[in-house]
Amino acid sequence: MKEKRQNEILRLIEEYDIGTQEEVALRLREAGYDVTQATVSRDIRELKLSKISIGEGRQKYVAFHHEEVYLGEKYSRVLKEGFSSMGMAENLVVVKTVSGMAMAVAAALDAMKLNEIVGTIAGDDTIMMAVRTREDTKSVMEKIGEIIENAK
């Protein structure tokens, strides 16, 4: 039961921007799990969930393994160093990079695993990302901006 519940927590935080233990408990109850705050707290600790900023003062839970944290920092630096500018057209985000850096920056963006991004295509200095909806496009741009701003 515990393993199923924890797998459900991982699924929920992947699908939704959940930022509090109360939200986790609510979603679990909606999925048919009878949980207490203490149970959710233990599960979060055991799963080693972390919180990341998602903009506008909000945070969400994510599941990182030690190697993923290291790679996340590395990809953030690549993104920051290669990034030049970005713009949107309907549900597309176009990222301009330093010449020759588009493939590396695209790999960094793909590694961020933003659910809103359907796919990424890179050339020499330009990346085109297909985003699920037009509304998600602004969200993706904000997230990329925050990643670049917070990169070490």
Step-by-step side-chain hydrogen bond (donor to acceptor under 3.5 Å, both in side chains) determination, T126 to K96 = CA-CA 5 Å; T126 305; K96 298 298 280 180; 2.8 Å; yes

key: side chain to side chain contact (heavy atoms under 4.5 Å, CB included) evaluation trace for L92 with M88   = CA-CA 6 Å; L92 299 175; M88 65 178 272; over 6 Å; no

request  = Kindly determine whether R42 and E46 satisfy salt bridge (Lys or Arg N to Asp or Glu O under 4.0 Å), including the steps that lead there.
outcome  = CA-CA 6 Å; R42 272 192 306 276; E46 287 176 16; 5.4 Å; no

key: Stepwise side chain to side chain contact (heavy atoms under 4.5 Å, CB included) check, V95 with F83   = CA-CA 7 Å; V95 176; F83 179 86; 3.8 Å; yes

message = Determine whether L10 and L49 satisfy the following criterion, side chain to side chain contact (heavy atoms under 4.5 Å, CB included), listing intermediate values before the conclusion.
response = CA-CA 9 Å; L10 293 173; L49 301 183; 4.0 Å; yes

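The shortest non-hydrogen separation linking Y33 to E8 is CE1-CG, 3.7 Å. Closest heavy-atom contact between M103 and A122: SD-CB, 3.6 Å. When all heavy atoms of R29 and V35 are compared, the pair lying nearest together is NH2-O, 3.2 Å. A pairwise comparison of heavy atoms in V78 and V105 identifies O-CG2, 3.9 Å as the closest pair. Heavy-atom minimum distance, A102 versus I127: O-CD1, 3.4 Å. Across all non-hydrogen atoms, the minimal contact from V24 to I18 is CG2-CG2, 3.5 Å.
Using a 4.5 Å cut-off on side-chain heavy atoms (C-beta onward), D125 and V98 make no contact. Counting heavy atoms from C-beta outward, N7 and E3 have side chains that approach closer than 4.5 Å.
Under the 4.5 Å side-chain heavy-atom criterion for Ile, Leu, Val, Met, Phe, Trp and Tyr, L26 and V40 are members of distinct hydrophobic clusters. In this structure, M128 is not a member of the same hydrophobic cluster as L114, with clusters built from ILVMFWY side-chain heavy atoms closer than 4.5 Å.
By the neighbour-count criterion of 12 heavy atoms within 6.0 Å, atom CZ of R134 is sparsely surrounded, having that number or fewer from other residues, nucleotides or ligands. Within a 6.0 Å sphere centred on CD of E30, other residues, nucleotides and ligands contribute more than 12 heavy atoms.
Distance check: I9 CD1 to L28 CG gives 5.0 Å after rounding to the nearest 0.5 Å. Between the CD1 atom of I148 and the CE atom of M86 there is a distance of 5.5 Å, given to the nearest 0.5 Å. Rounded to the nearest 0.5 angstrom, M101 CE and S84 OG are separated by 11.0 Å. How far CD of E146 is from OG of S76: 11.5 Å, rounded to the nearest 0.5 Å. Atom CZ of R58 and atom NZ of K60 lie 9.5 Å apart (nearest 0.5 Å). Summarising the geometry, atom CE belonging to M129 is positioned 9.0 Å from atom CG belonging to D110; distances are rounded to the nearest 0.5 Å.
Without hydrogens or angle criteria, R27 side chain to L12 main chain gives no donor-acceptor distance under 3.5 Å. Using a distance-only test at 3.5 Å, with no hydrogens or angles considered, a donor-acceptor pair links the side chain of N91 to the main chain of V131. When atom types are taken as modelled, the side chain of D17 and the backbone of Q59 share no donor-acceptor pair closer than 3.5 angstrom. Between the side chain of D124 and the main chain of G100, a donor-acceptor pair closer than 3.5 Å is present. Put simply, the side chain of E23 gets close to the backbone of T20: a donor and an acceptor are under 3.5 Å apart.
Judged by distance alone, the side chains of S139 and D136 never bring a donor and an acceptor atom under 3.5 Å apart.
With respect to E116 and R132, no salt bridge is recorded, no charged nitrogen being found less than 4.0 Å from a carboxylate O. Between R5 and D43 a salt bridge is recorded (basic side-chain N to carboxylate O distance below 4.0 Å).
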